[in-house]
Amino acid sequence: MKPSNVPKSDNDIVGLLPPTKSILAFLLSTMSMLFSIGTLNYIILRFYLNFSIEGELLYLLVTIILFCGFNFAVTRGSFFAATMFEYYLTVLFIIFLPSVLLMDSQKQSIPIYFLGMSCALLTFWALNNKHYQIFVQYRFDAVEDRKEALAELEAEIKASNSKIK
C-alpha cells in the first residue's frame with residue numbers, strides 16, 4: 001500500500017470523516033483482524049509450544065498492545081502500518097497452515113481451526129479492499145492538511161509577533 005501519486009490541488013477539501021463505506025471497511029478489517037490474530041496465535045501457541053496459561057496470556061497481551069499501536073497509526077494514515085498488518089497476517093497464516101494439515105482429530109478444536117482460517121481470509125480480503133485503501137489515503141490526506149494548516153498558522157503568529165515588536 002502506497003500513498004496516491006495524484007497531485008492534490010489547494011481546493012481539495014478533506015472533511016472530518018471519511019466516506020461511510022471506507023469507515024465500515026476499516027471497522028470490518030479491525031474486528032476480523034483482532035479475532036483472527038487471537039485465534040491464530042492461540043492455535044499456534046497450543047500446537048507448536050507448550051506455554052503455561054500465564055505465558056500465553058502475556059504473549060496475547062503484548063500482541064494486542066502492538067496491534068492497537070499499529071491500528072492507531074493506520075487511523076493517522078500510515079501506509080507502513082497497513083502493510084505491516086498484511087505481512088504479519090501472512091506470516092501467521094503460513095505458520096498456522098501446517099497445524100491445520102497435521103491437526104489431531106479432536107472434535108472440539110476443528111471449528112476453531114476453520115473459524116480462525118475463515119476469519120483470516122476475510123481479513124486478507126478486507127485489507128486489500130479498495131474502500132480500506134481509500135480510508136488510509138483519506139486519513140493520510142487529513143493529517144497532511146492538518147500539518148499544513150498548523151505550519152501556516154505558526155507562520156502567521158510569527159509574522160504578527162514580529163510586527164508587534
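Sequential numbering from 1 along the given sequence is applied to the chain's residues.
Listed by chain and residue number, Glu54 satisfy the side-chain hydrogen bond (donor to acceptor under 3.5 Å, both in side chains) test with Ser52 (two or more places apart in sequence, or in another chain). Among residues two or more places apart in sequence or in another chain, the side-chain contact (heavy atoms from CB on, under 4.5 Å) test is passed with Val143 by Arg76, Lys147. Partners of Phe70 by ring-ring contact (aromatic ring centres under 6.0 Å, His included), not counting sequence neighbours: none found. Contacts of Lys130 classified as side-chain contact (heavy atoms from CB on, under 4.5 Å), with partners at least two apart in sequence or in another chain: none.
Taking the side chain as every heavy atom from C-beta outward, Arg146 and Leu150 approach each other to under 4.5 Å. You'll find the side chain of Leu127 stays beyond 4.5 Å of the side chain of Gln133, heavy atoms only. Between Asn71 and Phe67 the shortest side-chain heavy-atom distance falls below 4.5 Å. Within the 4.5 Å cutoff, the side chain of Cys68 has heavy atoms near those of the Ile64 side chain. The side-chain heavy atoms of Tyr88 and Leu66, taken from C-beta on, include no pair separated by under 4.5 Å. Looking at heavy atoms from C-beta onward, Glu86 lies in side-chain contact with Asn128 at the 4.5 angstrom threshold. Under the 4.5 Å side-chain criterion, counting only non-hydrogen atoms from C-beta, Phe85 is not in contact with Thr123. No side-chain heavy atom of Tyr113 sits under 4.5 Å from any side-chain heavy atom of Thr39.
The stretch residues 115-127 participates, sequence neighbours left out, in no salt bridge (charged side-chain N to carboxylate O under 4.0 Å, His left out) pair at all. Pairs of residues two or more places apart, or lying in two chains, that qualify as salt bridge (charged side-chain N to carboxylate O under 4.0 Å, His left out) and include a residue from residues 55-72 are Arg46-Glu56.
Atom OG of Ser78 sits about 10.0 Å away from atom CE of Met84, to the nearest 0.5 Å. Within the model, atoms NE2 of His131 and OH of Tyr138 stand 15.0 Å from one another, a figure rounded to the nearest 0.5 Å. Leu92 contributes atom CG, which lies 4.5 Å from atom CD1 of Ile44 (distance to the nearest 0.5 angstrom). Atom SG of Cys119 is separated from atom CZ of Phe124 by 11.0 Å, given to the nearest 0.5 angstrom.
A centroid separation of 6.0 Å or more is found between the aromatic rings of Phe51 and Tyr59.
Asp141 pairs with exactly one of Gln137, Glu144, Arg139 by the side chain to side chain contact (heavy atoms under 4.5 Å, CB included) rule, that one being Gln137.
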Full working for side-chain contact (heavy atoms from CB on, under 4.5 Å) between Val74 and Tyr132: CA-CA 10 Å; Val74 167; Tyr132 183 80; 3.5 Å; yes
side-chain contact (heavy atoms from CB on, under 4.5 Å) between Leu122 and Leu28, intermediate numbers included: CA-CA 9 Å; Leu122 175 68; Leu28 172 72; 4.2 Å; yes
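Under a hydrophobic-cluster definition in which Ile, Leu, Val, Met, Phe, Trp and Tyr are linked whenever side-chain heavy atoms come within less than 4.5 Å, directly or via other members, Phe80 and Phe26 are assigned to the same cluster.
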